[in-house]
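A quick note: this is a predicted structure, and the numbers were derived from the prediction, not measured.
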Amino acid sequence: MSPQPPQPPFATALLAGGIAGTTVDLSLFPLDTLKTRLQSHAGFFPSGGFRGIYRGVGSAVVGSAPGAAFFFCTYEGVKSALASRRLRLAGGGLQADPVHGDGGGGLARSWEEPAEHMLAASLGEVAACAVRVPTEVVKQRAQAGLHGGSSAAALTAILSRFPTIGLAGVWRELYRGWGITVMREVPFTVIQFPLWEALKGWGRRRKNGAVTTKGSGNVVEVSAGESALYGSVSGAVAAGITTPLDVLKTRVMLSKEREKVFTVLTDLLRNHGIRPFFAGIGPRVMWISAGGAIFLGSYQWAVNALQGNAI
């Protein structure tokens with residue numbers, strides 16, 4: 001069994017995650033705007049159509065880096081802790097790095113490692129939502145043409161309600177849609193990240209096998225380009241499956257008054273049937289497929305660069 005590359009330390013995950021989050025959000029913001037308008041209760045063209053597709057970009061810039069950094073620090077940390085615990089319970093290490101390795105472990109390993117990735121990604125998303133939800137609330141209101149399409153105006157409108165609704169009310173307004181966002185993001189990451197890790201594991205085995213055949217002892221990590229390809233595939237699959245949850249989240253965040261998720265769900269089913277639940281699936285799959293490539297490709301590029309691996 002060939003040795004494996006070390007797990008990214010906390011500082012590397014923090015910096016690489018921040019770079020990845022900012023890169024993907026700025027690159028694909030116009031597609032995100034079109035998707036939001038397609039899912040808006042007012043409809044695509046009343047919400048702005050193809051005009052002003054960079055409305056709300058300010059809030060995205062502010063929230064991208066910390067949200068992604070929170071995610072990857074939590075993800076890598078939890079993944080490492082769970083893998084180390086599994087190997088200790090198994091009676092010893094089977095490989096140099098349990099997180100990125102491909103060693104044995106029999107039938108137990110076939111489900112334990114993906115389960116670890118699912119749990120780590122889920123906790124990472126919950127941590128990231130602490131930043132992401134307020135950012136999404138402000139951004140989507142600007143994208144939908146509310147408050148003149150300005151992120152600053154949308155945030156000011158929420159904060160200006162402090163005299164009437166108090167601090168708790170402002171907090172609830174900023175975190176409107178927290179529940180449905182977590183309900184959307186956790187299933188998404190439970191699908192995307194184990195699939196991405198599995199594809200990376202396959203690519204790593206293939207590359208390290210080739211290196212071993214040539215008689216070299218060097219450790220070969222997947223490149224940024226390979227990680228981008230695997231991220232695109234896994235992101236597209238997860239995006240298509242979770243589109244109904246994304247529609248519900250958008251409707252809850254854009255509603256003029258606070259509405260329960262169940263109320264929005266039953267209203268859509270009763271008045272419009274199943275079709276609205278897949279509104280914007282084309283832009284969403286395209287956006288997240290491209291986003292997965294940029295996000296996970298740039299993350300792997302930053303990790304490889306910081307750890308001295310081949311980029």
Side-chain angles (χ1 to χ4, degrees), residues 7-29 32 35-36 56-82 99 116-140 143 151 155 171-172 174-197 227 231 234-235 238-239 241-242 245-246 248-250 252-253 261 284 287-288 290-300 302-303:
Q7 180 193 353
F10 178 85
T12 299
L14 182 73
L15 182 57
I19 292 171
T22 302
T23 302
V24 69
D25 281 356
L26 290 181
S27 300
L28 300 175
F29 192 85
D32 183 40
K35 184 268 300 180
T36 297
V57 71
S59 59
V61 170
V62 170
S64 295
F70 272 33
F71 173 83
F72 276 111
C73 287
T74 305
Y75 176 70
E76 296 287 2
V78 172
K79 190 172 66 168
S80 175
L82 291 174
V99 176
E116 291 166 1
H117 296 158
M118 290 178 185
L119 179 58
S122 299
L123 294 176
E125 281 297 344
V126 172
C129 280
V131 174
R132 183 177 298 152
V133 172
T135 300
E136 283 278 299
V137 169
V138 173
K139 180 193 73 174
Q140 291 197 329
Q143 287 175 324
S151 293
L155 178 59
W171 184 271
R172 285 195 297 270
L174 282 171
Y175 280 89
R176 182 192 288 195
W178 163 274
I180 187 60
T181 302
V182 172
M183 285 172 58
R184 179 196 68 172
E185 297 296 346
V186 169
F188 180 88
T189 54
V190 162
I191 297 168
Q192 183 187 30
F193 273 80
L195 181 55
W196 177 61
E197 292 282 8
S227 180
S234 59
I241 294 172
T242 58
L245 293 174
D246 187 56
L248 285 175
K249 185 216 64 143
T250 300
V252 168
M253 286 186 170
V261 174
R284 175 172 165 79
W287 165 54
I288 293 182
I294 296 171
F295 185 55
L296 296 174
S298 58
Y299 176 75
Q300 192 68 51
V303 168

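Between the CG atom of Leu174 and the OG1 atom of Thr135 there is a distance of 9.5 Å, given to the nearest 0.5 Å. The distance from the NZ atom of Lys79 to the CD atom of Glu116 is 10.0 Å, given to the nearest 0.5 Å. For the atom pair CZ (Phe10) and CG (Leu15), the distance works out to 11.5 Å, reported to the nearest 0.5 Å. Taken from OG in Ser234 to CD1 in Ile288, the straight-line distance is 10.5 Å, to the nearest 0.5 Å. Annotation: the span from Trp178 atom CH2 to Trp171 atom CH2 amounts to 9.0 Å, rounded to 0.5 Å. Taking CG of Leu195 as the start and OG1 of Thr189 as the end, the distance is 12.5 Å to the nearest 0.5 Å.
Between the side chain of Ser298 and the backbone N or O of Ile294 there is at least one donor-acceptor pair closer than 3.5 Å. A donor-acceptor pair is defined here as one N or O able to donate and one able to accept, closer than 3.5 Å; such a pair exists between the side chain of Tyr175 and the backbone of Ala130. Counting only distance, with no hydrogens or angles, the side chain of Arg176 and the backbone of Val137 share no donor-acceptor pair below 3.5 Å.
Taking 4.5 Å as the limit, some side-chain heavy atom of Lys249 sits within range of a side-chain heavy atom of Gln140. Within the 4.5 Å cutoff, the side chain of Asp246 has heavy atoms near those of the Arg284 side chain. Two residues are said to be in side-chain contact when any heavy atoms from C-beta on lie closer than 4.5 Å; Val78 and Leu82 meet this criterion. With a 4.5 Å cut-off on side-chain heavy atoms, Met183 and Leu248 do not count as touching. Proximity of Phe29 to Ser64: side-chain heavy atoms (C-beta onward) are nowhere separated by under 4.5 Å.
For the side chain to side chain donor-acceptor pair (under 3.5 Å) test, residues two or more places apart in sequence or in another chain that qualify with Trp196 are Ser227. Under the side chain to side chain contact (heavy atoms under 4.5 Å, CB included) criterion, Ala238 pairs with Phe188, Ile191, Gln192, not counting sequence neighbours.
The minimum heavy-atom distance between Phe295 and Ala68, with the atom names listed, is CE1-CB, 4.0 Å. The two residues Pro8 and Val303 have their closest heavy-atom pair at CG-CG1, 3.7 Å. Between Ser151 and Val57, the shortest heavy-atom distance links the atoms OG-N, 4.1 Å. Between Pro187 and Leu245, the shortest heavy-atom contact is CG-CD1, 4.0 Å. Listed here is the closest heavy atom pair of Ser122 and Val186: OG-CG1, 3.5 Å. Considering every non-hydrogen atom in both Ala127 and Thr74, the closest pair reads CB-OG1, 3.6 Å.
Glu125 and Arg132 are joined by a salt bridge, as a carboxylate oxygen and a charged side-chain nitrogen come within less than 4.0 angstrom of each other.
Taking the six-membered ring for Trp and the full ring otherwise, the centers of Phe193 and Phe71 sit less than 6.0 Å from each other.
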- request: Take Thr12 and Glu76, measure what side chain to side chain contact (heavy atoms under 4.5 Å, CB included) needs, and give me the verdict at the end.
  value: CA-CA 10 Å; Thr12 299; Glu76 296 287 2; over 6 Å; no
